[in-house]
Structure formats: structure tokens, C-alpha cells
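Numbering of ligands and ligand atoms starts at 1, following listing order.
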Amino acid sequence: MAYLNENYLKLQAGYLFPEIARRVRQFLEKNPDAAKKLIRCGIGDVTEPLPQAAIDAMKRAADELGHRETFRGYGPEQGYDFLRSAIAQTDFRNRKVDIADDEIFVSDGSKCDCSFVLDILGDQNKVAVTDPVYPVYVDTNVMAGHTGSARKDGSFEGLVYLPCTAENNFVAEPPKEHVDVVYLCFPNNPTGAVASRDQLARWIEYARQHDALILFDAAYEAYISDPKIPHSIFEIKGALEHAMEFRSFSKIGGFTGVRCGYTVLPKTVLAKTESGKKLPLKPLWQRRWSTKSNSVSYPVQRAAEALYSPEGRKQCRTLIDHYMGNAKILRRTCEEIGLGVYGGENAPYIWVKTPAGLTSWQMFDRMLNEINVVITPGSGFGAQGEGYFRVSAFNSRENAEEVARRIKHFK
Ligand code: MLT
């Protein structure tokens with residue numbers, strides 16, 4: 001009989017969003033009449049149709065595949081040049097960030113990239129995560145055997161947790177101790193917090209002093225409206241030597257179902273061997289993709305490219321403005337009923353303090369039962385998330401307004 005990966009047995013609960021879906025299913029089985037009224041503000045999944053530019057590009061690409069002269073088989077494992085170049089030029093070089101086309105690696109999304117990156121990092125790394133945290137960073141390290149057992153509060157031995165609280169505006173400062181790898185996510189999922197240039201500069205300085213690698217998740221960067229807030233870690237001096245960035249078209253172009261994202265790994269980022277020899281990480285990442293993947297389908301890459309066309313950019317802006325309009329409505333309503341509200345200004349997530357005495361899951365249950373609204377319990381993102389809940393702004397305007405009306409009557 002084959003041996004199983006026992007690290008999986010350390011994971012205490014199911015992955016957060018399937019767990020929420022399970023509880024909602026259970027509720028609906030008992031309360032079938034609530035199905036029509038139910039509004040989901042839990043998982044951050046987009047609701048609005050794809051930008052027309054992406055649809056047209058996908059159709060054109062499908063037609064190309066239907067003709068011998070324009071048919072394509074396997075594409076380059078790191079993504080087609082047309083897309084890598086559009087990304088590097090528009091998202092970086094146009095913003096005066098010196099990223100080359102071949103430092104872009106196209107993938108089927110950031111969730112996967114955040115876990116795949118462990119393939120090229122040593123098992124002996126000391127890893128830091130924020131608390132609360134996007135659960136993928138933690139669970140994938142558990143699966144890879146980088147942690148000890150789970151503690152009572154759901155945290156794992158062996159990881160360094162950096163508390164993000166109202167006192168530090170949900171932006172962790174670098175730790176006093178040494179870590180080799182740190183995951184940062186800005187705009188933050190789940191708190192909606194953003195990091196200033198100075199705060200990110202302190203992280204890069206830490207990385208420089210400790211020879212650490214920052215894994216920077218910028219999946220929500222397009223939601224930043226404050227011009228002072230950096231969109232990329234590479235806007236910070238020194239980051240080209242110490243960071244890797246994860247980006248996604250999921251929340252920008254409504255691609256959660258289409259699947260496309262990318263990583264940025266500059267040639268100048270080094271990591272060391274056990275014997276202390278410093279080597280660039282990029283060839284390992286290149287090798288990893290060549291061996292384990294054939295990248296994303298041609299029509300999807302053409303659709304992603306179309307998001308960079310003038311009309312594609314306008315259509316993405318309309319989508320983002322729509323979701324941020326929802327965020328404004330939901331944020332204001334939670335404030336009006338006297339709850340402590342964070343985020344939702346440069347991010348599509350609103351992080352809300354539960355009314356006195358309620359745990360995150362109690363709040364989840366009450367909102368589900370009493371107003372038929374699904375939210376995400378803060379404790380699902382880590383021990384410091386206890387006493388908070390997250391409201392996602394990804395919804396139709398009609399639903400966001402209805403949720404606001406129901407929240408107003410929530411006692
Ligand atoms: C979330 O709700 O946190 C996100 O949708 C999860 C994800 O993007 O994987």
C-alpha cells in the first residue's frame with residue numbers, strides 16, 4: 001500500500017470557502033425557502049460578465065484554432081510572448097519599473113502560483129505569514145511539511161505569525177527575529193488594508209538585512225485608488241533583489257472562472273544552497289514551468305492580452321468601479337449601524353468588527369439565519385481574525401443595496 005502525505009492530516013478544518021459552502025448547503029437543506037433570498041458576500045468571486053474585449057479575443061482565438069493555417073498546439077510553458085510583453089510593458093515599464101518580458105511567467109492564477117512557488121524554495125526556510133492571512137499561504141506550507149502540528153487556535157507550530165490588528169492598521173511591521181521567506185498581500189485579503197511606500201520600504205530593508213525573500217501577492221492592486229499607495233513591490237528601491245510578485249486577472253477582468261494570472265520573478269533575485277552558494281531563482285522557476293505545465297490555453301491568453309487594449313482597459317475600469325461602488329455602500333451601512341469598519345476603500349473587501357461578544361462564526365450564523373446573507377468569518381483567516389467578519393463587494397448593485405438594507409435592520 002502506498003504511503004500518504006501525513007502533512008495533510010495536520011490540517012484541522014476543510015479549506016475555508018468549501019467549509020462555508022458546506023454550512024450554507026446545510027442551512028438551505030433545513031430552510032429551503034431561504035434559497036431565493038440568500039445573498040452571498042462570502043468568497044470573493046466576481047459576478048459581472050466578462051469585458052467585451054476579452055470575449056471577442058477569446059472567440060477570435062477559438063476561430064484561429066479551427067483553421068489549419070492558424071492552428072496552434074502546445075504553447076510556450078511560460079506563456080506566449082504577446083502576453084508577457086503586454087504585461088511587462090503596461091503593468092511595469094509604463095510605471096517606470098524595470099521588468100523584462102522574460103521575467104513574467106503566465107499561469108492559471110495566483111492561488112496556484114502561491115503554492116507552486118514552494119517547489120523552488122528549500123524546506124529549511126523559516127516562513128512568516130501575517131495573521132489574519134489568505135489561508136493558501138499557510139495550508140500549502142503545512143502540506144509541504146514546513147510546519148509542526150496545529151495549535152488550539154488553528155495556528156501552526158514552526159511558522160512565524162505577524163499580528164495585524166486595528167492598532168497597526170492591519171499592516172505588520174517586520175519581525176525582530178530572522179525569517180527567510182515572508183508572504184505579504186497588499187491590498188490585503190482579508191482586511192482590505194493597504195501598505196504605504198514607507199511601510200513596504202521597511203520590509204525591503206528587512207529583506208536586505210536578512211537576505212530574505214518577500215512573496216508579494218498583488219492580486220487586488222487594480223483596486224487601489226489612493227495615488228500614494230504603490231501597486232507593486234517593485235516600485236520600492238531594492239525590491240528587484242528581494243521579491244517575487246503574484247498577479248491575477250481574476251478580480252481585474254472577471255477571470256475567476258476563465259483562469260489567468262502571472263508571477264514576476266526578476267533575474268536579480270537570489271537564494272542560497274545548503275553550502276551557502278548564492279544562485280538566481282529564476283532558472284529554477286523557468287525549469288519548474290517547463291517540466292510541470294504547458295501554461296494556459298491560447299484563447300485565454302489572447303483574452304488576457306485584450307484586457308490591455310484601450311477598450312479592454314476601459315471595460316476593466318468599469319468593472320472595478322462597479323465593485324468599489326458596492327464596497328462604498330456596504331462600508332457606509334456597517335458604519336451607520338455602529339460597527340468598527342476597515343478596508344473597502346482601496347480593496348474590494350470590508351473588514352468589520354462583530355458586535356460586542358459575538359465570535360466570528362456566531363456572526364456568520366446570525367447573518368445567515370436572520371438576514372440570509374453569507375459573509376466570511378474572520379477567524380477563518382487566523383487567530384487575530386476572531387471577532388471580525390469580511391464582507392465581499394463582489395456582487396450586483398441590486399444585491400449590494402439589498403444587503404445594505406438588511407444589515408440596517410440587523411440587531
Ligand atoms: C477570497 O474570497 O478570499 C478569494 O476569492 C479567494 C481566492 O481568490 O482564491
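- Screening residues 189-210 for salt bridge (Lys or Arg N to Asp or Glu O under 4.0 Å), with sequence neighbours left out, gives E173-R202, R197-E235, E205-R208.
- Using cut-offs of 30° and 60° on the angle between ring planes, the pair Y308 and F249 is perpendicular.
- Of the N and O atoms on the side chains of Y349 and N188, not one donor lies less than 3.5 Å from an acceptor on the other residue.
- At a threshold of 4.5 Å between non-hydrogen side-chain atoms, the residues Y388 and M363 do not count as touching.
- A donor and an acceptor atom, one from each side chain of E398 and S396, are nowhere located under 3.5 Å apart.
- A donor-acceptor contact shorter than 3.5 Å is absent between the side chain of S225 and the backbone of N346.
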Check ligand 1 against the protein and report each N/O to N/O distance under 3.5 Å, formatted as atom name, atom name, distance.
| from | atom 1 | to | atom 2 | distance (Å) |
| --- | --- | --- | --- | --- |
| ligand 1 | 2 (O) | G44 | N | 2.6 |
| ligand 1 | 2 (O) | R390 | NH1 | 3.4 |
| ligand 1 | 2 (O) | R390 | NH2 | 2.7 |
| ligand 1 | 3 (O) | N189 | ND2 | 2.8 |
| ligand 1 | 3 (O) | R390 | NH1 | 2.9 |
| ligand 1 | 5 (O) | G44 | N | 3.4 |
| ligand 1 | 5 (O) | G44 | O | 3.1 |
| ligand 1 | 5 (O) | K251 | NZ | 3.2 |
| ligand 1 | 8 (O) | K251 | NZ | 3.1 |
| ligand 1 | 9 (O) | Y134 | OH | 2.5 |

